[in-house]
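I'd like to ask you about the structure that follows.
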Amino acid sequence: MALQAAALVPSAFSVPKEGKTSASFKDSSLFGVSFSEHAKADFSSSALRCKREFSQRNGVVRAQTMATASPAVDVSSPQGKKTLRKGSVIITGASSGLGLATAKALAETGKWHIIMACRDFLKAERAAKSAGMAKENYTIMHLDLASLDSVRQFVDTFRRSGRPLDVLVCNAAVYLPTAKEPTFTAEGFELSVGTNHLGHFLLSRLLLDDLKQSDYPSKRLIIVGSITGNTNTLAGNVPPKANLGDLRGFAGGLNGLNSSSMIDGGDFDGAKAYKDSKVCNMLTMQEFHRLFHEETGIAFASLYPGCIATTGLFREHIPLFRLLFPPFQKYITKGYVSEDEAGKRLAQVVSDPSLTKSGVYWSWNKDSASFENQLSQEASDVEKARKVWEISEKLVGLA
Ligand code: LMG
Ligand code: NDP
Ligand code: PMR
C-alpha cells in the first residue's frame, strides 16, 4: 500500500487537504472565545420556538406549543438584557475520563446543567463529587448502552424529567484489546460495536426529536470519534487497522452465531472491533448531518480530543501497556493530552459559539487550537455511511 507522507502524520497535526469544505486554520483562529462570550452570541432567531414545559413532577411530560415556562432567552430581565437560560446537555459515560472532565468543565461555567448518563450510579455520584461539581449543576440518570431496553428506558426517564435537551454528547466506550473471544450486549451484538455504536445510534435517533424541540440557540449532537479509526494517520496504521469491509458481519447481526462478531465478517479482534466502532461513530455523525442538518439546524460533530493515555479506556490492557503508554505518548508521539485538557476541548464543541459548523470532525493542534480535520477515505465514505445507517436501524429495531 502506498501511503502519502502527509497522510502519516497524526491527524492532530495534519494540514487539511484541498478541495474539502473550507477546512482551514482560519476557523481555529476563532478558537479561544471564552465561555463568557457564550451569552453574547446572537440568539434572537430561535428564541421563542416551541418548547416543552420544564416540569419535575413525577412522570409528567407536557408537550406545549407555546413558549412559556423557561424560554431559552429571557428578554424580560430588569435591564432588558438578553439572558440565556442554562443549557441542558446529556453526556454518556460521564463517570470517568473524557466524559467526566467535560462535565466538570461545563459545570464550572455555571451555564450548563449536565445529565450524566451512566451505567454505574454510585461511581458517577462519587466522580461528580470528587470533581467538585456543584449539586445544582448535574443530574445522574442510569443508562447502560449495552442494552437497548436500557437505552429506551433512559429516554423515557429523561423525558419524564421535563428537562429540555439542547446538546447530546455520545462519549461512552469500551475497549477490549486483550479479549480472546467476543462478548455480547443484552441483544447479542459484539460488545464494542454494540455499546460504542449501536447503543449510541438508538439513543441519538430517539433523542433527535427532543433536540428538535429545544429552543436553545445552538443545538448540537456530538459523537466522539478517534484518530485510531482513521487510516490516513500514523496512529490509524498501527495494526490491527479499522476496516468495515463490505459490512457482511454487521448485516448478519454481529452475533458470532450464524454470523461473524466482526463488522467485516472476519475473526474476532477486540482492538479492531473498537476501531471499527469509532469508524461507525464518525460515519453516523455525517449521515445525521446529511439527513437532518438543513431541516433541524442541529449541528452534528465528531472529534478526536487527543490521546488521553491515562483514562479508564485502557483498563483491560496488559499492565505493561498501561505503564508505558502514557510516557510513550507524552515523549515520543507527543500526542498526549491530560483529561482536563481533553475535557476543555470537548466542552468547546458543546458550547463554543465558534464551533457551530455541522458535519465536522474537530481536532486540535499543538497549541490547542481547534481545526476541521480530514477523515480517512473509509470514515468519510458516503455510501458506507448510508449502509451503516440502514443496517443499524434494522439491528436496533427502528426499521
Ligand atoms: C496490538 O498490537 C495488540 O495486539 C492488540 O491487543 C491491541 O492492543 C492493538 O492497536 C491496539 O495493538 C499492536 C502492536 C504494534 O503493539 C505494539 O504497539 C508493540 C509495541 C512495539 C514497540 C515499538 C517500539 C517503539 C519505540 C517506543 C518505545 C517506548 C515505549 C513503548 C510503548 C508501547 C505502547 C505503544 O504492532 C506492530 O506490528 C508493530 C509495528 C507498529 C508500527 C506502526 C506504524 C505503522 C505505520 C505504517 C506506515 C509505515 C510507513 C513508514 C514510514 C513512512 C515515513 C514517511
Ligand atoms: P473511560 O473508560 O474513562 O470512559 C468511558 C466511559 O464510558 C466510562 O464512564 C464508562 O463507564 C462508560 N461506559 C462504558 N460502557 C458503558 C455502557 N455499557 N453504558 C454506559 N456507559 C458505559 O475512557 P475515555 O474517557 O478515554 O473514553 C471516552 C471517549 O473518548 C470514548 O468514546 C473513546 O473512544 C474516546 N477517545 C478516547 C481516547 C483516549 O486516548 N483515551 C482517544 C480518542 C477517543 P464506567 O465508568 O461505569 O466504566
Ligand atoms: Mg497509538 C504518532 C502518533 C500516535 C498517536 C497520536 C497515537 C494515538 N498513537 C500513535 C502512534 C503509535 N501508537 C505507534 C507508532 C505505535 C506502535 C508502537 C502505537 C501503538 C499503540 C497501541 C498498541 N497505540 C495505541 C495502542 C492501543 O492499544 C491504543 C488503541 O489503539 O486503542 C484503540 C492506542 C492509541 N494510540 C493513540 C490513541 C489515541 C490510542 C487510543 C485510543 C483511541 O483511539 O481511542
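Atoms within a ligand are numbered from 1 in the order they appear, just like the ligands themselves.
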- Which of the numbered atoms in ligand 2 are below 4.0 angstrom from a heavy atom of Ala146?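 Under 4.0 Å from Ala146, ligand 2 has these atoms: 18 (N).
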
- Distance (rounded to the nearest 0.5 Å) between Leu148 CG and Phe154 CZ: 14.5 Å

- Using a strict 4.0 Å cut-off to heavy atoms of Thr333, name the atoms of ligand 3 that fall inside it.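 Near Thr333, meaning under 4.0 Å from one of its heavy atoms, ligand 3 has 2 (C), 3 (C), 4 (C), 10 (C), 11 (C).
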
- Mode of Leu143 contact toward ligand 2 - side chain, backbone, both, neither (heavy atoms, under 4.0 Å):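 Backbone only; the side chain of Leu143 stays clear of ligand 2.
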
- Item | ligand 2 N/O within reach of Gly99 N/O, cut-off under 3.5 Å |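 So ligand 2 has no N or O lying under 3.5 Å from an N or O of Gly99.
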
- Query: Given Phe314, Phe325, Tyr175, which has its nearest heavy atom closest to atom 42 (C) of ligand 3?
  - Reply: Phe314

- Do ligand 3 and Tyr304 have nitrogen or oxygen atoms that lie under 3.5 Å from each other? no

- Query: Among all protein non-hydrogen atoms, which one is nearest to atom 5 (C) of ligand 2, and what is the separation to 0.1 Å?
  - Reply: Ala173 O, 3.7 Å

- Task: Could you grab the distance from atom CD1 of Ile140 to atom CD1 of Ile115, nearest 0.5 Å is fine?
- Result: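 Reported value, rounded in 0.5 Å steps: 11.5 Å.
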
- Residue part near ligand 3, for Ile308, under 4.0 Å between non-hydrogen atoms: neither

- When you measure from atom 33 (C) of ligand 2 to every protein heavy atom, which one gives the shortest distance, and what is it? Tyr274 OH, 3.4 Å

- Message: Side chain, backbone, both or neither: which applies to Thr195 and ligand 2 if a contact is any heavy-atom pair less than 4.0 Å apart?
- Response: side chain

- Note on the structure: Val174 heavy atoms within 4.0 Å reach ligand 2 at atoms 14 (C), 15 (N)

- The atoms of ligand 3 lying under 4.0 Å from a heavy atom of Phe321, numbered in the order shown, are 22 (C), 23 (C), 26 (C), 27 (C), 28 (O)

- Determine whether the side chains of Asn137 and Lys86 contain a donor N or O and an acceptor N or O closer than 3.5 Å.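 On atom types as modelled, these side chains qualify, holding a pair under 3.5 Å.
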
- Item | Of the listed options Gln329, Arg119, Lys275, closest to atom 15 (N) of ligand 2 (non-hydrogen atoms) |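 Checking each option, the heavy atom nearest atom 15 (N) of ligand 2 is found in Arg119.
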
- By number and element, which atoms of ligand 2 are closer than 4.0 Å to a non-hydrogen atom of Lys278? 31 (C), 32 (O), 33 (C), 34 (O)

- Query: Which protein heavy atom lies closest to atom 18 (N) of ligand 2, and at what distance to 0.1 Å?
  - Reply: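 Checking every protein heavy atom, the shortest distance to atom 18 (N) of ligand 2 gives Asp144 OD1, 2.9 Å.
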
- Of all the non-hydrogen atoms in the protein, which one sits nearest to atom 44 (C) of ligand 2, and at what distance? Gly225 O, 3.4 Å

- Using heavy-atom distances, let me know which of Val224, Leu122, Asn171 sits nearest atom 32 (O) of ligand 2. Asn171

- Query: Any nitrogen or oxygen of Gly93, main chain or side chain, under 3.5 Å from a nitrogen or oxygen of ligand 2?
  - Reply: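 By distance alone, the answer is yes.
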
- Task: Could you check atom 26 (O) of ligand 2 against the protein and tell me its nearest heavy-atom contact, residue, atom and distance included?
- Result: Thr311 OG1, 2.6 Å

- Item | Arg315 contact mode with ligand 2 (heavy-atom cut-off under 4.0 Å) |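 For Arg315, only side-chain atoms sit under 4.0 Å from ligand 2.
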
- Write out the residue and atom name of the closest protein heavy atom to atom 9 (O) of ligand 2, then the distance separating them to 0.1 Å. Ser95 OG, 2.8 Å

- Within a distance under 4.0 Å of any heavy atom of Cys307, pick out the atoms of ligand 3 and give their elements.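 Near Cys307, meaning under 4.0 Å from one of its heavy atoms, ligand 3 has 37 (C), 38 (C), 39 (C).
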
- Item | ligand 3 atoms in contact with Ser226 (distance to a heavy atom under 4.0 Å) | 43 (C), 44 (O), 45 (O)

- Item | Under 3.5 Å: N/O of Ile308 near N/O of ligand 2 |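 Checking ligand 2 against Ile308, an N or O pair does fall under 3.5 Å apart.
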
- Task: Check each atom of ligand 3 against the heavy atoms of Tyr274 and keep those under 4.0 Å away; list them by number with element.
- Result: 33 (C), 43 (C), 44 (O), 45 (O)

- Message: I'd like to check whether Leu313 has a polar contact with ligand 2, where a contact means an N/O of the residue lying under 3.5 Å from an N/O of the ligand.
- Response: yes

- Message: Measuring from atom 13 (N) of ligand 2, which candidate in Ala101, Cys170, Ala172 has the nearest non-hydrogen atom?
- Response: Ala172

- Task: Please confirm whether Ala309 comes within less than 3.5 Å of ligand 2 when only nitrogen or oxygen atoms on both sides are compared.
- Result: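 No, no N or O pair falls under 3.5 Å.
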
- For Val238, counting its heavy atoms only, list the atoms of ligand 3 lying under 4.0 Å from any of them. 12 (C), 13 (N), 14 (C), 16 (C), 19 (C), 20 (C)

- Proximal ligand 2 atoms for Lys123, defined as those under 4.0 Å from one of its heavy atoms: 45 (P), 46 (O), 48 (O)

- Item | Residue and atom name of the nearest protein heavy atom (relative to atom 8 (C) of ligand 2), distance in Å to one decimal | Ser96 OG, 3.4 Å

- Task: Would you check whether Cys307 reaches within less than 4.0 Å of ligand 2, judged by its heavy atoms?
- Result: yes

- Query: Does any N/O atom on Gln329 come nearer than 3.5 Å to any N/O atom on ligand 3?
  - Reply: yes

- Item | Enumerated ligand 3 atoms positioned under 4.0 Å from heavy atoms of Phe328 | 12 (C), 13 (N), 14 (C), 15 (C), 16 (C), 18 (C), 19 (C)

- Query: Looking at Phe314, which atoms of ligand 2 are within less than 4.0 Å of one of its heavy atoms?
  - Reply: 40 (O), 41 (N)

- For Gly97, the ligand 2 atoms whose distance to one of its heavy atoms is below 4.0 Å: 3 (O), 25 (O)

- Message: Applying a heavy-atom cut-off of 4.0 Å, say which part of His317 lies close to ligand 3: side chain, backbone, both or neither.
- Response: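 For His317, the contact with ligand 3 is made by the side chain alone.
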
